[in-house]
Amino acid sequence: MRVVAPLTGGARNEVFLAQRGRERLVLRRSTRPPDSLEWELDLLEHLGNNGIGVPQLILADDGRRHVDGWMVAKFAAGHQPRDVADWRRVIDTATAVHELTPRWPQRPGFASARDLLTIQRGGDVDLGAMPPEAVRAVRQAWKPVLRGTECAIHADLGGGNVLVDGSTVTLLDWDEARVDVPWFDFAYFPENVEVPTPTGRPALTTAGVAWEAATCWVPEPDYAARRLAELLSRSANPASPDHPT
């Protein structure tokens, strides 16, 4: 196997295009602990076996799914969502993920937004590192969407992590996946796309902004500070139209 070039889309992990003969592959390195990575790969196996478009792993010669965090997957064809019809296919795919994983066990070391109303840490979120007023704003923003049964969610479902090839949708980069209420998966969709939400669209978008501020506070502090500023602006003007995300 020969490494060809870096690929975009892996903000916190290394991702490369590789080649074996004429076959294109994707080489990715996860920095998650082994038990957290195994959870992710178990989820992808379950979803793939049930017809969901996810990365298809290629096992190492000794049968391992990853070696020191490095994984190899088949290259997936397609393009980012281009129009409302494409995004509706993404909604259908994400909804199928949620329906396949009710009461899925939580990812080791992670926590749902519902849990984080009363605890400090989970996954990349460390509320103890945030100012108290920021923690209050984040938790308040999450409360309206914390309805329904928790399930496995992708948790970073923007256009850069989706490939559309005709009627086939492939969801990439499950590094931030966790168990939570399903609505978070729709928080970052374009404004002209109608999405499932138990609240109005502004409240859902605000909850997503709050999650980004919290989860990025330690690893991406500059970005998190901008998201917090947006969150505080939204909190001060709850009836204002959605800001673009």
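Below, each value reflects all heavy atoms present in this structure, side chains not excepted, and no hydrogens, waters or symmetry copies. Bear in mind the structure is a predicted one, so any value in this text is a computation, not a measurement.
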Determine, step by step, whether S112 and V181 satisfy the side-chain contact (heavy atoms from CB on, under 4.5 Å) criterion, reporting the C-alpha distance in whole Å, the side-chain angles of both residues, the deciding distance to 0.1 Å, and the verdict.
-> CA-CA 8 Å; S112 68; V181 291; over 6 Å; no
Go through the steps to decide whether E14 and W70 satisfy the test side-chain contact (heavy atoms from CB on, under 4.5 Å), and finish with yes or no.
-> CA-CA 9 Å; E14 298 174 275; W70 287 99; 4.1 Å; yes
Evaluate side-chain contact (heavy atoms from CB on, under 4.5 Å) for L146 paired with L117, printing each intermediate quantity in order.
-> CA-CA 10 Å; L146 301 184; L117 295 181; 3.6 Å; yes
Audit row: L57, H66, side-chain contact (heavy atoms from CB on, under 4.5 Å) steps and yes/no = CA-CA 9 Å; L57 287 185; H66 62 92; over 6 Å; no
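Around CG of D68, the count of heavy atoms belonging to other residues, nucleotides or ligands within 6.0 Å does not exceed 12. Atom CG of D61 sits in a sparse spot, with 12 or fewer heavy atoms from other residues, nucleotides or ligands closer than 6.0 Å. The 12-atom threshold is exceeded at CZ of R89, counting heavy atoms of other residues, nucleotides or ligands nearer than 6.0 Å.
P131 places a side-chain heavy atom less than 4.5 Å from the side chain of W217. Proximity of V162 to L171: side-chain heavy atoms (C-beta onward) are separated by under 4.5 Å at one or more points. A 4.5 Å side-chain heavy-atom check between F186 and L204 finds at least one atom pair inside the cut-off. C216 places none of its side-chain heavy atoms less than 4.5 Å from the side chain of D124. A 4.5 Å side-chain heavy-atom check between M71 and L37 finds at least one atom pair inside the cut-off. Contact annotation: the side chain of I91 approaches that of F189 to within less than 4.5 Å [non-hydrogen atoms, C-beta and beyond].
Both V179 and I153 sit in one connected hydrophobic cluster of ILVMFWY residues. Membership requires side-chain heavy atoms under 4.5 Å apart, directly or through other members. Linking ILVMFWY residues whenever their side-chain heavy atoms come closer than 4.5 Å, directly or via other members, leaves L59 and W39 in distinct clusters. In the hydrophobic clustering of ILVMFWY residues, with side-chain heavy atoms under 4.5 Å counting as a link, L47 and V90 come out together. Cluster membership for L163 and L44, using ILVMFWY side-chain heavy atoms within less than 4.5 angstrom, is not shared. With hydrophobic clusters built from ILVMFWY side chains whose heavy atoms lie under 4.5 angstrom apart, V195 shares a cluster with Y188.
Atoms CZ and CH2, from R147 and W183 in turn, are 9.5 Å apart once rounded to the nearest 0.5 Å. We find the OG1-CD distance between T205 and E191 to be 5.0 Å, quoted to the nearest 0.5 Å. With rounding to the nearest 0.5 Å, the separation of NE2 in H98 from OG1 in T149 is 12.5 Å. Once rounded to the nearest 0.5 Å, the distance linking CZ of F184 with CD of E150 reads 10.0 Å. How far CD of E194 is from CZ of R88: 8.0 Å, rounded to the nearest 0.5 Å. Atom CG of L41 and atom CZ of R64 lie 13.0 Å apart (nearest 0.5 Å).
Of the possible polar contacts, one joining the Q120 side chain to the G128 backbone as a donor-acceptor pair under 3.5 Å is found. Between the side chain of T101 and the backbone N or O of V97 there is at least one donor-acceptor pair closer than 3.5 Å. Side chain of R178 to main chain of A155: no donor-acceptor pair is present (N/O by atom type, distance under 3.5 Å, no hydrogens or angles). Of the possible donor and acceptor atoms, none in the side chain of S233 sits under 3.5 Å from a partner among the backbone N and O of A229. Without hydrogens or angle criteria, Q106 side chain to P108 main chain gives no donor-acceptor distance under 3.5 Å. Counting only distance, with no hydrogens or angles, the side chain of T118 and the backbone of D115 share a donor-acceptor pair below 3.5 Å.
Taking each heavy atom of S36 and R107 in turn, the nearest pair found is OG-NE, 2.7 Å. For the residue pair V26 and K74, the shortest heavy atom distance occurs at CG2-O, 4.5 Å. Nearest heavy-atom pair, A203 versus P144, reported as atom, atom and distance to 0.1 Å: CB-CB, 4.4 Å. Closest heavy-atom contact between T170 and A76: CG2-CB, 4.2 Å. Across all non-hydrogen atoms, the minimal contact from L231 to A141 is CD1-CB, 3.8 Å. Taking every heavy atom of both residues into account, W87 and P190 meet most closely at NE1-CG, 3.4 Å.
Counting only N and O atoms by type, the side chains of N161 and H154 include no donor and acceptor under 3.5 Å apart. Residues T95 and D92 bring no donor and acceptor atom of their side chains to less than 3.5 Å of each other.
Below 30°, between 30° and 60°, or above 60°: for W142 and W211 the angle between ring planes is between 30° and 60°, a tilted geometry.
With respect to the salt-bridge test (charged N to carboxylate O, under 4.0 angstrom), the residues R32 and E40 do not qualify. Between D42 and R65 there is a salt bridge, since at least one side-chain N of the basic residue sits less than 4.0 Å from a carboxylate O of the acidic one. Between E230 and R226 there is no salt bridge, since no side-chain N of the basic residue sits under 4.0 Å from a carboxylate O of the acidic one.
Just one of V193, V169, V164 meets the side chain to side chain contact (heavy atoms under 4.5 Å, CB included) condition when paired with P81; it is V164.
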